[in-house]
Amino acid sequence: MQILRCVALSAVLALLPGVAFSQGKAAPKDAKVYFITPYDGQKVRAGFLVRFGLRNMGVTHAGDDYQNAGHHHLLVDVSDPIDPKEPIPQDKSHLHFGAGQTETFLELPPGTHTLQLVLGDAKHYPFEPPVVSEKITVRVRPPPQRGK
Amino acid sequence: MGEIRNFRSGNQNEPPPHGAMPRRLAAIIVGDIASYSRLMQADEEGTHVRVKRIERDLIEPSIVEHHGSLVKTTGDGFIAIFDSPVEAVRCSIVIQQNLVGRNASLPKDSRIEYRIGVNLGDVIIEPDDVYGDGVNIATRIEGIAQPGQVFISGAIYEQIKHKVVCGYESLGDRKVKNITDPVRIYRVLPDADAVGGTRGRRENTLIFLLGLTLLVSAAGVLWYLLAQPPGKGSEQAATPTAAPVASPVPQPPAREAAVPTPQPSPSLASPAPPAPTPTPSQSPTPASEPDMIAIRGGSFAMGSNDDPTERPVHQVAIKPFSIGKYPVTVREWNECAAAKACGFTAMGKDDAPVTNVSWTDAQQYAGWLAQATKKSYRLPSEAEWEYAARGGTQTKYWWGDKLQPGMAGCKDCGDAAAEQPAKVGSFKPNPFGLYDMGGGVDQWVADCWHRTYQGAPNDGSAWSGGDCSSHVLRSGSWKNDSRYVRPSNRDGYDTNVRYPTHGFRVALSP
């Protein structure tokens, strides 16, 4: 038990500075995240490639706490604003790319959808100020008719 | 290469046995300790133990984490190969940055500093070594590097310059020993702002703060231990904490000391026996097993038509198994952390589910539990998880088709959304007596992620083929809405990435 208490105590102490710096990591003012493809208003097939662009910052793994680096999150049909004090949510409309991916093959049902990129820090928090792309709209074409 | 003594070979990536000379392109890291002879002369045994510890705690895990493989360690260095130049350079930076932290509190002349060289080249791979020009050049580059630095060749630089965020300082073309053509060399500056060799002031402050805190906590722990009345196992307790500061003594992993508990008949493992801790003063607590519920085998329709990922609905047969009554808790996790078998010590209340674990973390816990208890603990397969979550029902939720308050912890499940997940077992159990199968924390299962069930196994086993860089998450979390609470809901997430709502529960084969 003593050992456990000691371990817990030292862990708490060791983590203190981490806690103090964990939220809202500063991003350079000229950092810019954007879509390489598709462009705003593009008509796409049900499965299409989305490529993420990032300027003046770098892409790294989630968990890697390097300065001026983060990982991509792709928001699909999300209308809620981003909460800078919370980690970027993880669900089917907030796709995470914590392994440092810079593109993805996205499959969406036919119709109009919005896409937006948000850069997250080592702990999935948005940067301060947030590094967020324009919200773009894509129109997914209905699948080709298979009839003869 | 000739002068490197081969102390030990550890190869995790066997090449195919056929074919005379398996050649491939690889990024090669060569690392070597600066002034090794001087360190050995000053303190032979101490240095040896410290080097081995750095290899075990830092170098080997970093290589694995970056998908590389350690070819061999030599007395004063190591050679590793990577498929990806990016990963190789990242791994080198991680190693060097960690060493800065480790060395911060040591006097200058007893610091262990590595020189690291990285090159890209075509190599011949043999079970415990690699050969080729590429390796020789990497060794030469390493020889030029200053202690604590990473030097890379032009070939590596071309591959990574836009991918790894660092500063790179060109050192021009250098002529290296016994290599005909000059080699272009770059120095890696881990912080892009540090061009010119100055470390960012902020980074310095951080390292200083961290070092200070570690020092303070180490001192605190030492004081705490020394202030105790002597006797009652205090020598035992003093060894592990004092080790990093004083002359290090190799310590056996605590898990080997775990006492195997008397084995109850595994088929009726229902309420697990209370944790067998006879005397509170004993320092290494044996692993306490999570409460397990035995599940009879059967067959069920897995999946649903509510989401494309859950199609097609398919019949799956399940063999008898046991599964955790609750997700693994902070208390249970921290036993693994205390035994140094799990990566970090979890914060939060003891009976809250452990969170912020990656699939790899969860896998480590299950492996440790299996070893400590000598039972076949593991992660459940996705099919086992859904079978257990349905509790014999085929409805949308296990309690029916309508949302009801008090059944699960989720954003719109009818209870106030909490900042943290409720302690385990706060909501009603399902018909199998399992808690939190839906809502609470997301739960990792053993299977690799596949977008649909097309081609899924139907024998209840884990689906391991395909792209295993992501694994399957089940249950949804307290931050998700009620769609995620459905027992058929599934999602994939990067295998090695931690996220604050991700936890897991264990399973046990009979």
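Please read all numbers here as calculations on a predicted model, not as lab measurements. The figures that follow rest on heavy atoms only: side chains count, while hydrogens, waters and symmetry mates do not. Chain identifiers are assigned alphabetically (A, B, ...) following the order of the sequence lines, protein sequences preceding nucleic acid strands; residue numbering begins at 1 within each chain.
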Taken to the nearest 0.5 Å, the spacing of Y499(B) OH from H96(A) NE2 works out to 4.5 Å
Between the CG atom in D91(A) and the CG atom in L473(B), the distance rounded to the nearest 0.5 Å is 12.0 Å
query: Distance only, no hydrogens: is a donor on one side chain within 3.5 Å (strictly under) of an acceptor on the other, for H61(A) and E65(B)?
result: no
Is atom [atom1] of [X] surrounded by more than 12 heavy atoms (other residues, nucleotides or ligands) closer than 6.0 Å?
X       : atom1 : result
Q42(A)  : CD    : yes
R139(A) : CZ    : no
R45(A)  : CZ    : no
K349(B) : NZ    : no

When the 4.5 angstrom heavy-atom criterion is applied to H124(A) and chain B, the contacting part is side chain
Heavy-atom contact with chain A under 4.5 Å, split by part of [X]:
X       : result
T309(B) : side chain
D481(B) : neither
N356(B) : neither
Y493(B) : side chain

query = Do K92(A) and R483(B) have side-chain heavy atoms sitting under 4.5 Å apart?
reply = no
Greatest number of non-hydrogen atom pairs under 4.5 angstrom with chain A, of T495(B), D494(B), V497(B), falls to D494(B)
(message) Any side-chain to backbone donor/acceptor pair from N480(B) onto Q90(A)? Under 3.5 Å, distance only.
(response) yes
